[in-house]
Every structure is written in C-alpha cells, then in structure tokens.
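Just the heavy atoms: all of them, side chains too, but no hydrogens, waters or symmetry mates, feed the values below. Just so it is clear: chains get the letters A, B, ... in the order the sequence lines come, proteins before strands, and each one is counted from 1. Keep in mind it's a predicted model, so treat the numbers as computed, not measured.
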There are 2 protein chains.
Amino acid sequence: MVWTVRSKPGSRLRDRVLQRSARTSGLPPALQPAPRTEPPTPAHEPPALRQNPRMPKPATIIDVAREAGVSIKTVSRVVNREAGVHAETREQVERVMARLNYRPKQSARSLAGGRSFLIGLLYYDPSAAFVGGVQQGATLRCREAGYHLVVESLHNDAPDLPMQVDRMVSALRPDGMILTPPLCDNPQVLQALRDSQTPCVLISPAADNPEHPSVRMDDVHAAEEITNLLISLGHQRIAIIKGARDQVASKRRYQGYAAALKAHGIALDKDMVVQGDFTFPTGVEAAYQLLSRRQRPTAVFASNDEMALGVLVAAQRLGLEVPGDLSIAGFDDTPAAARVWPPLTTVRQPMDEMARAAVDLLVGTRGGEGAAQEGGAGGQHRVLKHELIVRDSTAASVDKPTRARKAS
Amino acid sequence: MVWTVRSKPGSRLRDRVLQRSARTSGLPPALQPAPRTEPPTPAHEPPALRQNPRMPKPATIIDVAREAGVSIKTVSRVVNREAGVHAETREQVERVMARLNYRPKQSARSLAGGRSFLIGLLYYDPSAAFVGGVQQGATLRCREAGYHLVVESLHNDAPDLPMQVDRMVSALRPDGMILTPPLCDNPQVLQALRDSQTPCVLISPAADNPEHPSVRMDDVHAAEEITNLLISLGHQRIAIIKGARDQVASKRRYQGYAAALKAHGIALDKDMVVQGDFTFPTGVEAAYQLLSRRQRPTAVFASNDEMALGVLVAAQRLGLEVPGDLSIAGFDDTPAAARVWPPLTTVRQPMDEMARAAVDLLVGTRGGEGAAQEGGAGGQHRVLKHELIVRDSTAASVDKPTRARKAS
DNA sequence: CTGAAAGCGCTTACAG
DNA sequence: CTGAAAGCGCTTACAG
C-alpha cells in the first residue's frame, strides 16, 4: 500500500510542548481544556485516601526545557551534573528548575537509564542494635548520594529465601544491596544475588568473600585492646564471657582476649572462661558462676554489652562494688551502656561508618580510590576503626597496685 | 514536503518482537548480532562492581506475549489479576511467565501506571524499639501485598524537614507514607505530605487528625488495666513513674493509672508519683526516691520497661525481693522484659499489627470495609487491642491478703 | 557545548 | 474476552 503524507509527523516532544502551552494560552476560561480528573478509582485503591484531583501536575523535564529555552537533553545534563554545559545555560536551567520546583521522577530515570537509585538492606534480626545502627548510617548516606534505602527482613532459614530475594531484586532492580550477618554469609542469598547480577556489599561477614566487597571492624584487635586495658589496670584474674557459639564475632573476641593474656604472660585459666550467648540472662548466670569461684576474677570482659549489664546486675546483687571489687568491660557501646551506673567501658563498633562505606562502594562515590585500594577480583575488603570507650566500670585491681590508667 | 512511504510503518511493538526473534533465527553464528556489551562504565560507577556483561537480559512483557501467543495487554491483565481473562489463556500466560522467570519491572509499571509499589516509613529515633517493631510489621505486610518499604530517618527539628520530605516523595512518588511519633504530629511534615498529595497513615499520633487515618492502641485503658491488676493483688500503695513530659503516651498512661485508683476508691498520693523520662537511669533514680519514703510503695508501675528495669536493679541493690517485697510492672514488652529475672509484667503494644493495618490502609487491601468502618472526612482511626502480659515481677501485696491473681 | 530521535517496559484509554 | 496504539518522563546513542 502506498501512503502519502503531507508533512513529516511532528515529534512527540513538540506535540506535547504545544499541548501544554495551550493550557496557558489566551483562550477564554470557558474554552480552556478542563482540568484532568483522576481516573475512576480502581477497586484496589481506598477511596478515602484519594486526594484533591485538581492539584497541578508536577513539572516534568519538558516543562523545564520549554521555560529555559533549551532541549530536554540539556536539562538532563544539568540534573545529572554532567560536565560540558555552559555555565550560563546551567544557571538558567537551575533557576527554572527551582522556580517550577522540578524533581526528576525516579521511575522514569530508572526505566530509561537502568539505574534505580535504590539500595536494598537485607537483615535478619530487626531488634539487633547492630542492624539499627547500620540502617541509620545507610539511610543518611543514601540521602546524601540521592539514593533511597529499601529494607527487607528475611528469615535466615526460610525455605523460600532465594525466591524472596529474587522477587525483590527482579521487581526493584536496586543498584546495590547491603547484607548484614548472618545473611551476608548465607550461600543461598549470595547466589540469588549473583544470579540477578546485583552488586552487593557484605557487612561484617564471617570470612572475606572473594566475590563481594565487604566492610567490617577488627574484632580480634578490639578484644585484645580491651583486655590489655584491664591488664594495664593491674588485673591478673580476668574472666571472659563468650558470645553465641554460632557467631564469628564470639570466636574473634575470644581470640583477642587470649592473645592479650598470652602477650603478657598470663596463663589462660579455664575457670575464667564461661560460655554465654549474648543475652542478658546468660550474663547474669555467667557472673554468678564466676563470682562463686574460690579464686574470683577481679575483672570480667563480657563479649557484648547486654551480657556485661547482666554481670553488673549480678555483681551488685551479690554486694560487690563496681568497679571497686570488680571491673566490667563490654562490647558494642549500646545506648544502655552509657546510661547504667557505673557506665560501662566498652568498644564502639563503627556501624554507622560501615554502612556509609558500604553505600559508597555501591553508588561509586570515591569509588576510584576505593576500588583501587585493595584490588582483588571484584572484591575489596575494608576494615574500619573501632573505638575503645573507657568509662567507670573499670578501675585498678584491688589485688595489685595500679600500673596505668589507660591502655592503647 | 511530500513524502512517499511504501508501507505502513510497523508498530514499535512488532518491530521489537521481530528484532528479538532474529537473535534466535537460523543465521550462522558469525552473522548473529553480537551480544550487547555494557555501555562504558560511567565515572560514577565503581568498575569493581560491574558484573558479567553477557548474562541474558531478563524477560519482558513482550517476550511473554510472544511465547504465549497473546498481546502484551493480556499478559498485563494476568499480572495484575484483572478479571475477564479466559481461564485457559490465563493459565497459558502463567506457564510462560514461570518458564521465562518473568518479573514485571516496577519502574515501568510505575511510570506507566502511576503507582510506585513503594511505601515510605518516616521515623525519628531509630534506636526506639517501637520503630523497629513497626518497621518489621510493615516490611512483612508490604511483601505480602507486593509492595516495598523505603525508610527515611528524619530529625524532628531539622530546619529543612519539609524539603527533605518533599525530596523523598517527589523522587519516589511512594503510594503511601507511614509516620511514627513524633513525626506524625509534626505540622511541617504533614503539610509537606499534603502538598505532594501523598496518602499517609499516622501511627499513634498525639491526637486524631481529621485529615489522615491513624492507627494506635489505647494507652489509657492499658495503664488502667495494669493498675487494676496491682490493685487486685492487694496493693494499696502503688507508685507510678511517669514518662517523658513531651510525649502524649506519658500523659495517657498516667491518666489510666489515676482512673484505676479512683475507681477503686484509692486516694492519689502525690508521694507515689515521680517524674521520669523513659530512660533506665531515671527509673533507677525514681526507685531510690520512692523506696526511701517513710511509707514505701508495695508496687511500682513504670511507664515503660526501660524504667521498670531501672526499678528492678535499684530494688535488688537495696536488698528488696521482687516481687516478694515489691511488685514491678512496665509497659512495652521489650525483649529485655522477658529476659530479666524476675521477668516483667508489662503491656505488649501491638506494633506489628499497627504497622500492618497502616499498610493495609495505604494499599487498599480490604479497603472497602476499612474505609466504610469509621467514616470521617478522609480519616479513619483504628484502635488496636493491646495485651496484658502477666509475668513474675508482680505478686500479692505483703500488706494485705491476696484477692485475686489476675484482673480484667 | 547542544539537540533530535529512539527507546526503556509497562499501563491506560479505546475499540471491537 | 482480547488487542493496537499512545504515552508515562526520563536517558542513551548519535550527530553536529
């Protein structure tokens, strides 16, 4: 069939610009196109929540382009801070964007550009202070970088874990994922993420994974430092309450404890090692055990603050003065650690910084240096500095004269 | 200018289907189009995170339509569970979707359909167990409903709060927002949300807002019940430790306490009322005050668990038996409440259910009944049932004979 | 330094 | 019950 057309069909862009202009043309009000009403509410939308239908529609890139007298491509360049835009042009566009209160729509950017501006955070135990700290750091860094954080709570042992992960990444196509323990060590989760080609960063994984970058702190070293502190205060009988058996952090903190003792020539006494599981009651229980020994410890290093709090409560109940009769050190620097009496000596995990670093790795901020730093086939492993927080729950041993007030 | 074309231009759809088919045509391998390589990595993307470039692209609605021998519109109907698709057609499409592992892309659905499938959660204090509980319930309900939860941490007193809110909603266009205290009572936040026409649900607001639906529990009644419990155990000198002055929950819990006393003809003794601020140390401090009175209370109702824990520690330190010498009741049912010894009698806030109800309100699940239920100009206010958790920190008063074991 | 065109993958609004 | 076309609001790939 032969068709004859009288003119080159106008581009869609031009049509739309014209159409929009008509609304503000000189037509008498009665002839102006009626404001678009909302489509009939679908059955699945609650009518009560539908809002004022004649609110002006948000400005689009086309509106900005028209007002600024440039092409939409140029507006796009300004929005994305691409180099190579005349300074005057840029300023003009920025002025119009501000005036129209223009905000690029993420779904359009995502569809066209392949970036979703979404970062996913996968976690297991929502009540863990650790997850909360990571989430906090991640949201703030995301905001700075123009991204948003989508959270997903998963059971580490759910049978359909891979499917849950797949559903999330397939629908949202996040630009990256942040995994916290124990999910960051779950092979099924990692495989699902690889299948979907989603970049991810592991936070405090059990072991460095060559396939994925990770961010963590040095638990061994921190535990060693805190034990050194106790030793430097003159303590010789230093007990440790170990954390949950299935968590790597437990093992690492114990390692640091043992290393410090060894370095100072203090024999590791089995009676000074009690198993806990990171909960308050096991701290209490362990303390009762330890404090009833013929040779009582003069200091206790609990593998986390919650257990340290248990030790504190048990000691006070037994009529012991802290730190007069017993020094107590924890790990984590939870909010409660600073609030109890006496406030706890502990280690602050840099959860916030770990999360920020993870986001940086994913969105590529200072990705250049970061990526070069460590090398490794697709994996770089950052170790962030922790902080020893010395408060009043630790003091010089009653057995020996004080040697120093603080250590490393 | 006059153009002559030899055929009606093919629709974009048909072109694309043909183009895709060509890839699997009988052409010798050498002539087949090369697999698309990733575009050169932009400066802002970390090279280390780019993945295998020749992974097959995910199936689109067009692939499914072609394989199933239907139009994309029909696939769309199946995906959205619209009525009016022949059963056989539906099953055929579903089979193909499963085989191709098809997942609709949310950015495309969002751009075309105006729904983002995103729900926003705005919170202030990330360490609050309350927020954690709400988030947990919200993520789970979102997953069930095919939505995702985007979290945003905001300072309630940030000068640019409205802008921060606006940036989020303008970029993401979430289908709804969930606000927790104190943000749900912040006029600036609410105004910004109204400006953007984003539906929102308030969780536990200070007062019912006629403009927005809300979900909460009945703090007054819960406090009354717990006080009744203590009264029924024979206690007459029941102290209360009030919560932070600026939180409505504090006031409501005190109201319930006072109401219960009045109903039982017990005079409100000013010496039995101490101000706290919801933190552990104020619980300890208040307990010392109360327990040093000439007329010591036999029971203490702390306005939250954290303060109740403080009372517990203080009591034990003073050599008092709990609950033998002193009954203690808290509020919140935090994880610690069940773990301390003795475990705390308290009230469980239905945070999970509140969050789920909020999501339902926003996505319109059972919106029909929900919306009709309460009426109100655009606002419906749901009050969910709390739960009185009676544990071992409360027992019969030593002063009076036991009257009952439980109340209401 | 700037722009015109095509396309991302869906849904809406119609038409039959 | 099913489908063809247009369009959502951007970015990419080119071209100049």
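Residue contacts for A/Lys73: at a heavy-atom cut-off of 4.0 Å it reaches a base atom on one of the strands shown. Counting non-hydrogen atoms under 4.0 angstrom, B/Val79 reaches nothing in the nucleic acid. In this structure, A/Thr89 reaches the sugar-phosphate backbone alone: every heavy-atom distance under 4.0 Å involves primed, P, OP1 or OP2 atoms, never a base.
When rounded to the nearest whole Å, the span between CZ of A/Arg173 and P of C/dC8 equals 13 Å. Taking atom CD1 of A/Ile61 as the reference point, atom P of C/dA4 lies 13 Å away to the nearest angstrom. The separation between B/Lys57 atom NZ and C/dG7 atom P is 12 Å, rounded to whole Å. One interatomic measurement links the two molecules: CZ of B/Phe117 to P of C/dG9, which rounds to 17 Å at whole-angstrom precision. Here D/dC8 presents its P atom at 18 Å from CD of A/Gln106, a figure rounded to the nearest Å. Taking atom CD1 of residue A/Ile72 and atom C1' of nucleotide D/dC14, one finds them 15 Å apart after rounding to whole Å. Atom P of nucleotide D/dC10 and atom CG of A/Asn80 are separated by 11 Å, given to the nearest angstrom. Summarising the geometry, the separation between CZ on B/Arg115 and P on C/dT11 is reported as 10 Å, rounded to the nearest angstrom.
Of the candidate nucleotides C/dC10, D/dG3, D/dC10, C/dC10 has the atom lying nearest to any side-chain atom of B/Ala108. With distances taken from any side-chain atom of B/His86 to the nucleotides D/dC10, D/dT2, D/dG3, the minimum falls on D/dT2. Proximity note for A/Leu111 (side chain, C-beta onward) versus D/dC10, C/dG9, C/dG3: the nearest is C/dG9.
No side-chain donor-acceptor contact under 3.5 Å links A/Gln106 and A/Arg109. Looking only at atom types and distance, the side chain of A/Gln164 has no donor-acceptor partner in the side chain of A/Glu152 under 3.5 Å away.
Each of B/Glu82 and A/Ala87 has a nearest nucleotide on DNA chain C; the 5'-most of these lies closest to A/Ala87. Summary of the strand contacts: B/Val85 and A/Ser107 both lie near DNA chain D, and taking for each the nucleotide with the nearest heavy atom, the more 5' one is attributed to B/Val85. Map A/Gly113 and B/Arg77 each onto its nearest nucleotide of DNA chain D; the residue landing nearer the 5' end is B/Arg77.
For B/Ser71, no side-chain nitrogen or oxygen approaches OP1 or OP2 of D/dA4 to under 4.0 Å. The side chain of A/Ser76 contributes an N or O atom lying less than 4.0 Å from OP1 or OP2 of D/dT11.
Here the shortest heavy-atom pairing between A/Cys142 and A/Leu149 reads SG-CD1, 4.2 Å.
Proximity of a side-chain donor or acceptor of B/Asp175 to a complementary backbone N or O of B/Ile119 within less than 3.5 Å is not detected.
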Given A/Asp166 and B/Asn101, is the side-chain contact (heavy atoms from CB on, under 4.5 Å) satisfied, shown in steps? CA-CA 10 Å; A/Asp166 178 58; B/Asn101 197 29; 4.1 Å; yes

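Checking D/dA15 for Watson-Crick or G-U wobble geometry (two distances, each under 3.5 Å) identifies C/dT2 as its partner.
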